[in-house]
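Notes for the one structure printed next.
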Amino acid sequence: MDTDQAGGLLARARAGDEDAFGELVAPYRRELQVHCYRILGSLQDAEGALQETLVSAWRGLDGFEGRSSVRTWLYRIATNRSLDAVRAGARREGGPVTTRINGLEPPPPTDHGEVPWLTPYPDDLLDLADTAPGPEAVLELREATSLAFVTALQLLPPKQRAVLILRDVLGYRATETAEILDVTVESVTSALKRARATIDSDPALAERRSQPAAPAAGSPEERRLVEQYVDAFTSHDVDKLVAILSEDVWLKMPPLPFEYHGRDAAVGFFRSVVHPRHRALRLVHTRSNGCPASGIYAHDPATDTWRATGLVVVVISGDRITELTRFEAGHMASFGLPRIL
C-alpha cells in the first residue's frame, strides 16, 4: 500500500468510514496476529489481543499523527495489548494436571514443561512473504515461528520478550523499539542483551541449532520421512518409529507437563502408553509452526467413526525426527480439521 493510498484511507476512516479502516489495517492483520502469538504463546490469546488492537486503533485514529508508518503504529498497539495480557495473567495455564495418559500410567518423565498454555499455529496463517523484516532482523522466519523459539520466549520477562521480538525478529531499530515500548534506547539495549543471553543459553534451542538443517517444506526428503512416521505410528510399530528418531529426540504434550528426552525415554513412553491400546488410527496431514503436522483420528467401533484425538507437530533435522509435540484435539479446528471423519 503506497503512502497516498494509506493517507486517503486514513482520512476516510477518521471521518467514520469503517470499511476504509478495515481496508487500511487488512494488510497487517496476519503479521500482527503472529506477533501477538509470539508474545503470548497461544493462538486463541493472540486472536484476542489482535481484536483488542484493532478496537484500540479504531478508537485512537485521531491520535495517530503520522510520525511513523501505519504498520509501526499498529505494532505499537499490538505489542502493548499483548504485554498487558501477559502482565494480567490473561493467558490460560492449561487444564488440570493429570498423571494418566489414555487411561494409562506413563513412565517417569525426564523433564517437566514450563509452558502449558502453548498452542500450535497453522502454517496457513503464516503467509508473510510480503512483510519483509527490517534491516536489523537476525532470525529467519522458520526459526522465529518454531515451537522451540516460542516456548523459549515465554520464559523471558515481558519487556525482554517484546524487545527481542521487535529487534531480532522484526528488525526494528533500537530507537523505533524504544518508541513502540515508550522506554529509553538504553533500556532497550540492556533488555536485548539480557534476552539474547537467556535465549542463547536455552538448552532446547541450543540443541536444535546444533542439528542438521531441516529438509525444505514439501520436499521429497520431508515427505519420505513423514510417510515413514505415519506408517510406523498407524501400524503401532515402535521399532519402525525408533529407526527414524534422533538419539536426542524430545516428546512433549502441553498442557500436560510430561516431557521425554532421548530415544530410550521415547521408546519407553510409546511402549507403555501409546501402543498397548492398539486402536486403529488415521493421520491427516497439515502444517504447523513451519513443520509437518498430523491430526490423529482413532476408530470408534461403537459408532464406526473416526474421532479426533490430537494433533502432533513433527520437527525434522536432517533425516531424523528430533521432536514430537502432541496437542489436544480442541486445537484441530484451527487447522480446518473436523472432530469426526
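Fair warning: this is a prediction, and the values are worked out from it, not measured in the lab. Starting from 1, each residue takes its place in the sequence as its number.
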| said: Assess the residue pair V284 and F335 against the criterion (side-chain contact (heavy atoms from CB on, under 4.5 Å)); give the C-alpha distance rounded to whole Å, side-chain angles, the decisive distance to 0.1 Å, and a yes or no. | reply: CA-CA 11 Å; V284 178; F335 293 80; over 6 Å; no
Can you check whether [Y]'s main-chain N or O pairs, donor with acceptor, with [X]'s side chain at less than 3.5 Å?
{"X": "S210", "Y": "E207", "value": "yes"}
{"X": "H236", "Y": "A280", "value": "no"}
{"X": "Y260", "Y": "P107", "value": "yes"}
{"X": "T79", "Y": "I180", "value": "no"}
{"X": "N80", "Y": "Y75", "value": "no"}
{"X": "R223", "Y": "G218", "value": "yes"}
{"X": "D123", "Y": "G290", "value": "yes"}

Rounded to the nearest 0.5 Å, what separation is found between the [atom1] atom of [X] and the [atom2] atom of [Y]?
{"X": "L205", "Y": "S146", "atom1": "CG", "atom2": "OG", "answer": "6.5 Å"}
{"X": "L125", "Y": "S334", "atom1": "CG", "atom2": "OG", "answer": "8.0 Å"}
{"X": "L118", "Y": "M253", "atom1": "CG", "atom2": "CE", "answer": "13.5 Å"}
{"X": "L54", "Y": "Y28", "atom1": "CG", "atom2": "OH", "answer": "13.0 Å"}
{"X": "E47", "Y": "T53", "atom1": "CD", "atom2": "OG1", "answer": "10.0 Å"}
{"X": "R76", "Y": "E176", "atom1": "CZ", "atom2": "CD", "answer": "12.5 Å"}

| field | Of N289, T119, D45, T145, the residue whose pairing with Y37 passes side chain to side chain donor-acceptor pair (under 3.5 Å) | value |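 The single option meeting the side chain to side chain donor-acceptor pair (under 3.5 Å) with Y37 is N289.
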Taking every non-hydrogen atom, the tightest pair across [X] and [Y]:
{"X": "I165", "Y": "R38", "value": "CD1-CB, 3.7 Å"}
{"X": "P120", "Y": "L43", "value": "O-CB, 4.0 Å"}
{"X": "S294", "Y": "T286", "value": "N-CG2, 4.3 Å"}
{"X": "G41", "Y": "V150", "value": "CA-CG1, 3.9 Å"}
{"X": "A20", "Y": "R12", "value": "CB-CB, 3.7 Å"}
{"X": "A57", "Y": "W73", "value": "O-CH2, 3.4 Å"}

In one Ile/Leu/Val/Met/Phe/Trp/Tyr side-chain cluster, 4.5 Å: [X], [Y]:
{"X": "L61", "Y": "L50", "answer": "yes"}
{"X": "V249", "Y": "L241", "answer": "yes"}
{"X": "F233", "Y": "I321", "answer": "yes"}
{"X": "V138", "Y": "Y172", "answer": "yes"}
{"X": "W250", "Y": "V115", "answer": "no"}

Mind checking what makes salt bridge (Lys or Arg N to Asp or Glu O under 4.0 Å) contact with [X], not counting sequence neighbours?
{"X": "E222", "result": "R287"}
{"X": "D202", "result": "none"}
{"X": "D111", "result": "none"}
{"X": "D231", "result": "K240"}

Is it the case that the side chains of [Y] and [X] hold a donor-acceptor pair, with the cut-off being a distance below 3.5 Å and no angle test?
{"X": "H261", "Y": "E323", "answer": "no"}
{"X": "D237", "Y": "S235", "answer": "no"}
{"X": "H35", "Y": "S82", "answer": "no"}
{"X": "W117", "Y": "Q154", "answer": "yes"}
{"X": "K252", "Y": "T151", "answer": "no"}
{"X": "Y121", "Y": "Q33", "answer": "yes"}

| N-O pairing of D239 and R271 below 4.0 Å |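 Between R271 and D239 there is a salt bridge, with a charged N closer than 4.0 Å to a carboxylate O.
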| task | Determine, step by step, whether F270 and V242 satisfy the side-chain contact (heavy atoms from CB on, under 4.5 Å) criterion, reporting the C-alpha distance in whole Å, the side-chain angles of both residues, the deciding distance to 0.1 Å, and the verdict. | result | CA-CA 10 Å; F270 283 120; V242 169; over 6 Å; no
| request: Report the C-alpha separation of S69 and T72 in whole Å, then their side-chain angles, then the decisive distance to 0.1 Å, and conclude whether the side chain to side chain donor-acceptor pair (under 3.5 Å) test is met. | output: CA-CA 5 Å; S69 67; T72 297; 3.2 Å; yes
For [range], which residue pairs qualify under salt bridge (Lys or Arg N to Asp or Glu O under 4.0 Å), counting only residues two or more places apart or in two chains?
{"range": "residues 138-157", "answer": "E143-R209"}
{"range": "residues 289-318", "answer": "D300-R307"}
{"range": "residues 179-197", "answer": "D168-R196"}
{"range": "residues 328-341", "answer": "none"}

Applying side chain to side chain donor-acceptor pair (under 3.5 Å), name anything that partners [X], two or more places apart in sequence or on another chain.
{"X": "T177", "answer": "none"}
{"X": "R263", "answer": "E247"}
{"X": "R14", "answer": "none"}
{"X": "S219", "answer": "E221"}

| task | Report the C-alpha distance between L245 and V267 in whole Å, list the side-chain angles of each, state the deciding distance to 0.1 Å, and finish with yes or no for side-chain contact (heavy atoms from CB on, under 4.5 Å). | result | CA-CA 10 Å; L245 300 179; V267 170; 5.5 Å; no
| message | Set out, in order, the CA-CA distance, both residues' side-chain angles and the distance that settles side-chain contact (heavy atoms from CB on, under 4.5 Å) for Y229 and L283, then state yes or no. | response | CA-CA 10 Å; Y229 157 74; L283 270 61; 3.7 Å; yes
| said: Using the rule side-chain contact (heavy atoms from CB on, under 4.5 Å), only one of T198, L83, V86, L166 pairs with R161; which is it? | reply: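 That would be V86; it is the only one of T198, L83, V86, L166 passing the side-chain contact (heavy atoms from CB on, under 4.5 Å) with R161.
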| query | Quick one: does F258's side chain get under 4.5 Å of L251's, heavy atoms only? | reply |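 A side-chain contact under 4.5 Å is absent here.
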| Does the side chain of D248 reach to within under 4.5 Å of the side chain of Q211, using non-hydrogen atoms? |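 Side-chain contact under 4.5 Å: yes.
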| message | Could you check whether atom CD of Q51 has more than 12 heavy atoms from other residues, nucleotides or ligands sitting under 6.0 Å from it? | response |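 More than 12 heavy atoms, drawn from other residues, nucleotides or ligands, come within 6.0 Å of this atom.
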| request: Take the angle between the ring planes of F327 and H331 and call it parallel below 30°, perpendicular above 60°, tilted in between. | output: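 It falls in the perpendicular class, over 60°.
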